Amino acid sequence: MTQINSKIPQGPLAEKWTNYKAHQKLVNPANKRRLDIIVVGTGLAGASAAASLAEMGFNVLNFCIQDSPRRAHSIAAQGGINAAKNYQNDGDSVYRLFYDTIKGGDYRAREANVYRLAEVSNSIIDQCVAQGVPFAREYGGLLDNRSFGGAQVSRTFYARGQTGQQLLLGAYSALSRQIGLNKVKMYTRHEMVDVVKIDGRARGIIAQNLITGKLERFSAHAVVLATGGYVNTFFLSTNAMASNVSASWQCYKKGAYFANPCMVQIHPTCIPVHGEFQSKLTLMSESLRNDGRIWVPKKKEDAEAIRAGKLKPTQIKEEDRDYYLERRYPAFGNLVPRDVASRAAKERCDAGFGVGAGQAVYLDFAEAINRLGKNVVEARYGNLFQMYEKIVDDNPYETPMMIYPALHYSMGGLWVDYELMTSVPGLFAIGEANFSDHGANRLGASALMQGLADGYFVLPYTIQNYLADQIQVPRFSTDLPEFGEAEKQVKERIDRLMSVRGKRSVDSIHKELGHIMWDHVGMARNAEGLKEAIEMLKKLKKEFWSNVRIPGKAGDLNVELGKALRLADFLEIGELMAHDAYDRAESCGGHFREEYQTPDGEALRRDDQYSYVSCWEYQGEDKEPVMNKEPLDYEFIVRQQRNYKN
């Protein structure tokens with residue numbers, strides 16, 4: 001088994017990052033101009049990294065699949081961003097944010113990385129305020145906060161229900177400035193299809209121009225991936241339909257470890273599935289759980305009557321409502337972490353108390369409207385209520401919202417060390433593309449925090465430690481044989497797909513993949529189901545490569561070809577997720593094995609056997625991957641069974 005070196009600095013937890021910065025290698029301003037960096041992705045992590053690196057003096061090439069950097073999926077984030085400012089004077093601190101995050105992740109993340117995330121969180125808010133991000137403010141003009149799951153303090157900064165959009169516009173403004181100064185070359189509508197290695201180091205990428213279909217070559221001294229997660233493996237998720245794992249997956253096939261792939265997050269407050277022809281799901285922000293109360297009928301006959309259309313939720317008396325999160329978790333109530341809230345909703349629905357089509361629970365604002373007034377609720381959540389009404393055609397001010405858990409985020413991703421570098425030298429992964437900060441479950445409002453922390457405040461330091469000894473390395477010609485070989489492999493893959501000429505559409509196979517994943521590798525998993533899923537996924541992969549049909553031509557704008565290339569990778573990572581879930585015979589966070597639960601149905605960890613990061617290493621086409629282990633040795637906190645009841 002390969003020895004994993006995470007490069008965690010020595011010293012006390014609160015001093016590790018400061019000590020690292022004090023002793024790292026630097027690149028002086030004149031030498032920065034000689035170094036090129038490719039950044040793939042323009043979400044919060046990618047845009048902030050590209051803007052910061054260019055501001056420092058590096059030459060940056062930035063790529064995105066959208067027609068504008070500001071259309072990256074970060075724009076869809078609604079609820080807020082965490083920081084330990086303690087403006088509410090309610091007992092928050094850097095340590096408490098660190099502890100809540102590592103506890104929320106069920107003790108399956110690195111101590112040092114999580115503490116660093118909490119440590120730089122306050123700087124993110126200062127940076128974004130300086131950019132003009134319109135955070136909500138109290139009457140006196142101070143920044144406002146609200147609560148999110150897994151915390152007993154109010155630390156979440158927000159811009160109504162569109163925080164991601166406003167933060168991305170801030171990062172985009174910084175990026176645009178660097179584009180205007182010719183420090184960033186922006187390549188929109190370009191998709192990375194392979195990474196190029198020279199002498200073992202990442203030295204460039206092959207990208208496909210999505211307008212012309214042409215393959216293009218780009219070289220650099222280092223490559224940074226900020227390409228998001230892989231939950232679209234499940235077909236239906238809250239992610240944008242174009243979100244995909246392909247860039248990360250090609251890096252995995254070139255030697256980068258893939259860490260904890262089974263750890264994906266199912267968000268408890270999403271609009272339920274409403275038909276066979278649906279292409280994505282819609283998130284309802286976790287912030288709604290500040291004032292909304294989640295319930296189902298106490299009596300099965302009432303639930304059955306609601307499902308049959310004979311009874312309305314407003315006709316259910318208060319004493320006949322089961323506010324099950326408040327009942328089971330009195331200390332946190334409706335603000336338990338996402339994995340806990342999702343499993344509780346599933347349990348109630350599976351027991352026959354679900355509403356709607358049976359797979360939904362209520363999120364009710366009647367009490368908040370009576371307590372605060374409709375105007376206050378509208379000021380806090382108006383755009384979310386409007387979005388819900390447009391989709392469902394029901395007024396949430398008068399009738400409780402219906403919600404149900406859905407795939408939302410991936411805690412797993414490319415393995416990175418403390419410097420955010422993968423196991424391939426010169427290849428970095430930031431934001432959701434890496435695994436590093438959230439363990440087995442991400443707390444709400446922490447994705448935006450990690451993306452901006454990595455891009456603004458971590459990578460600009462750590463990448464210099466790598467580049468300091470690269471200043472004498474000349475720029476690489478894209479005519480080198482390594483670039484030719486990488487492009488040839490991509491062309492062969494495309495030609496193979498186009499030559500199948502089968503009968504099934506890409507979407508029909510992707511939907512089948514989604515059903516397999518949701519049924520067997522979804523919210524609840526067991527050994528028998530996972531073994532069955534692995535066999536089903538192998539058969540589906542053969543079906544895809546023998547019976548998919550892609551209309552049009554390869555050397556042109558071809559949306560179906562792009563979808564097929566991404567689906568080929570989803571099929572493979574789906575199998576790796578099932579392998580990882582089968583291998584991890586415990587329950588932790590979003591990974592819930594039915595065989596391993598406490599008497600009251602909570603996740604049962606097995607710290608004596610599974611306190612590690614699973615780092616999967618590619619061995620070749622149709623060969624079983626090898627798992628390496630990075631031990632999670634905790635020096636400064638004691639693992640405990642998570643308790644949100646008291």
Side-chain angles (χ1 to χ4, degrees), residues 149 236 266-276 278 281 284 288-289 291-370 388 391-407 515 518-520 522-526 529 587 592-595 597-603 644-645:
L236 288 179
I266 295 173
H267 197 294
T269 53
C270 301
I271 296 177
V273 176
H274 61 257
E276 274 296 308
Q278 202 166 344
L281 295 172
M284 287 284 103
L288 294 170
R289 290 199 272 151
D291 293 308
R293 300 179 72 193
I294 296 173
W295 64 275
V296 292
K298 282 183 179 178
K299 301 174 183 176
K300 277 191 180 178
E301 54 266 33
D302 285 346
E304 290 166 357
I306 288 173
R307 292 198 294 268
K310 298 176 182 178
L311 200 62
K312 294 181 179 179
T314 50
Q315 296 173 307
I316 304 292
K317 295 178 182 178
E318 187 68 18
E319 59 268 25
D320 292 330
R321 299 180 178 192
D322 178 15
Y323 296 95
Y324 57 89
L325 291 177
E326 298 172 27
R327 168 174 57 82
R328 291 177 60 176
Y329 308 100
F332 283 73
N334 293 296
L335 286 171
V336 292
R338 291 172 174 178
D339 61 315
V340 177
S342 294
R343 281 196 295 274
K346 182 179 187 298
E347 185 275 328
R348 288 290 80 195
C349 291
D350 289 350
F353 296 93
V355 296
Q359 297 294 304
V361 299
Y362 287 127
L363 179 60
D364 197 336
F365 287 85
E367 187 272 337
I369 290 170
N370 290 334
Y388 179 87
I391 294 170
V392 181
D393 194 24
D394 211 350
N395 186 345
Y397 293 103
E398 299 171 1
T399 306
M401 287 183 178
M402 284 195 297
I403 57 166
Y404 193 70
L407 267 296
H515 283 302
W518 179 255
D519 292 341
H520 299 287
M523 238 189 301
R525 304 157 174 178
N526 59 64
S587 293
F592 190 77
R593 285 282 294 269
E594 293 173 333
E595 309 96 315
Q597 52 185 301
T598 63
D600 52 355
E602 303 297 334
Y644 294 101
K645 297 182 179 182

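Being a predicted model, the structure only gives us computed values, none of them experimental. Throughout, residue positions are numbered sequentially from 1 according to the sequence presented.
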**Q** Under 6.0 Å from the CG atom of D393, do we count more than 12 heavy atoms belonging to anything else shown?
**A** no

**Q** What is the distance from atom CD of E398 to atom OG1 of T314, rounded to the nearest 0.5 Å?
**A** 9.5 Å

**Q** Could you tell me the separation between the CG atom of L281 and the NE2 atom of H274, rounded to the nearest 0.5 Å?
**A** 8.5 Å

**Q** If you look only at pairs with a residue in residues 309-318, which of them pass as a salt bridge (charged side-chain N to carboxylate O under 4.0 Å, His left out), with sequence neighbours excluded?
**A** R293-E318

**Q** What residues, two or more places apart in sequence or in another chain, satisfy salt bridge (charged side-chain N to carboxylate O under 4.0 Å, His left out) together with R525?
**A** none

**Q** Under the rule for side-chain hydrogen bond (donor to acceptor under 3.5 Å, both in side chains), what residues qualify as partners of Y329, not counting sequence neighbours?
**A** E602

**Q** Return the set of residues passing side-chain hydrogen bond (donor to acceptor under 3.5 Å, both in side chains) with R348 (not counting sequence neighbours), or none when no residue passes.
**A** none

**Q** Mind listing the closest non-hydrogen atom pair of A360 and Y404 along with its distance?
**A** N-CD1, 3.8 Å

**Q** Determine whether V336 and K645 satisfy the following criterion, side-chain contact (heavy atoms from CB on, under 4.5 Å), listing intermediate values before the conclusion.
**A** CA-CA 9 Å; V336 292; K645 297 182 179 182; over 6 Å; no

**Q** Provide the closest heavy-atom pair for A303 versus G352 in the form atom of the first, atom of the second, distance.
**A** CB-O, 3.8 Å

**Q** What is the minimum heavy-atom distance between T598 and A603, and which atoms define it?
**A** CG2-O, 4.1 Å

**Q** Have a look at L288 and tell me which of L363, I294, N334 forms a side-chain contact (heavy atoms from CB on, under 4.5 Å) with it.
**A** L363

**Q** About how many Å separate OG of S342 and CE of M523, when rounded to the nearest 0.5 Å?
**A** 6.0 Å

**Q** Are I306 and I316 close enough, and set up right, to give a side-chain contact (heavy atoms from CB on, under 4.5 Å), and what steps lead you there?
**A** CA-CA 10 Å; I306 288 173; I316 304 292; 4.1 Å; yes

**Q** Side chain to side chain donor-acceptor pair (under 3.5 Å): which pairs involve residues 298-308, sequence neighbours left out?
**A** none

**Q** Mind checking the CZ-OG1 spacing from R338 to T269? Nearest 0.5 Å is all I need.
**A** 7.0 Å

**Q** Restricting to side-chain hydrogen bond (donor to acceptor under 3.5 Å, both in side chains), what partner residues turn up for E347, sequence neighbours left out?
**A** none

**Q** For the atom pair SG (C270) and CG (L236), what is the distance rounded to the nearest 0.5 Å?
**A** 11.0 Å

**Q** Kindly indicate whether the side chain of P297, heavy atoms from C-beta on, has any atom under 4.5 Å from the side chain of V355.
**A** yes

**Q** Applying salt bridge (charged side-chain N to carboxylate O under 4.0 Å, His left out), which residue pairs with at least one partner in residues 355-364 are found, sequence neighbours left out?
**A** R321-D364

**Q** If the condition is side-chain hydrogen bond (donor to acceptor under 3.5 Å, both in side chains), which residues does E367 pass it with, not counting sequence neighbours?
**A** R371

**Q** Excluding sequence neighbours, so at least two apart, what forms salt bridge (charged side-chain N to carboxylate O under 4.0 Å, His left out) with E594?
**A** none

**Q** Kindly write out the residues that satisfy salt bridge (charged side-chain N to carboxylate O under 4.0 Å, His left out) with D350, not counting sequence neighbours, or none if the list is empty.
**A** K346

**Q** Over all heavy atoms of both residues, which pair between F365 and M401 is shortest? Give the atoms and the distance, please.
**A** CE1-SD, 4.3 Å

**Q** Give the intermediate values and the outcome of side-chain contact (heavy atoms from CB on, under 4.5 Å) for residues I266 and D339.
**A** CA-CA 7 Å; I266 295 173; D339 61 315; over 6 Å; no

**Q** Give a yes or no on whether the backbone of R593 and the side-chain of S587 come within a donor-acceptor separation of less than 3.5 Å.
**A** yes

**Q** Holding to ring pair (Phe, Tyr, Trp, His ring centres under 6.0 Å), I want the full list of residues that pass it with F332, two or more places apart in sequence or in another chain.
**A** Y644

**Q** Search all heavy atoms of L407 against all heavy atoms of W518 and return the closest pair with its distance.
**A** CD2-CZ3, 3.3 Å

**Q** Quick check on E319: does its CD atom have over 12 non-hydrogen neighbours (other residues, nucleotides or ligands) under 6.0 Å away?
**A** yes

**Q** If I compare all heavy atoms of R289 with all of A341, which pair ends up nearest, and what's the gap?
**A** NH1-CB, 3.8 Å

**Q** Does the side chain of M402 come within less than 4.5 Å of V361's, by heavy atoms?
**A** no

**Q** Going from CD on E326 to CZ on R328, what distance comes out if it is rounded to the nearest 0.5 angstrom?
**A** 13.5 Å

**Q** Of all residues at least two apart in sequence or in a different chain, which pass the ring pair (Phe, Tyr, Trp, His ring centres under 6.0 Å) check with Y362?
**A** W295

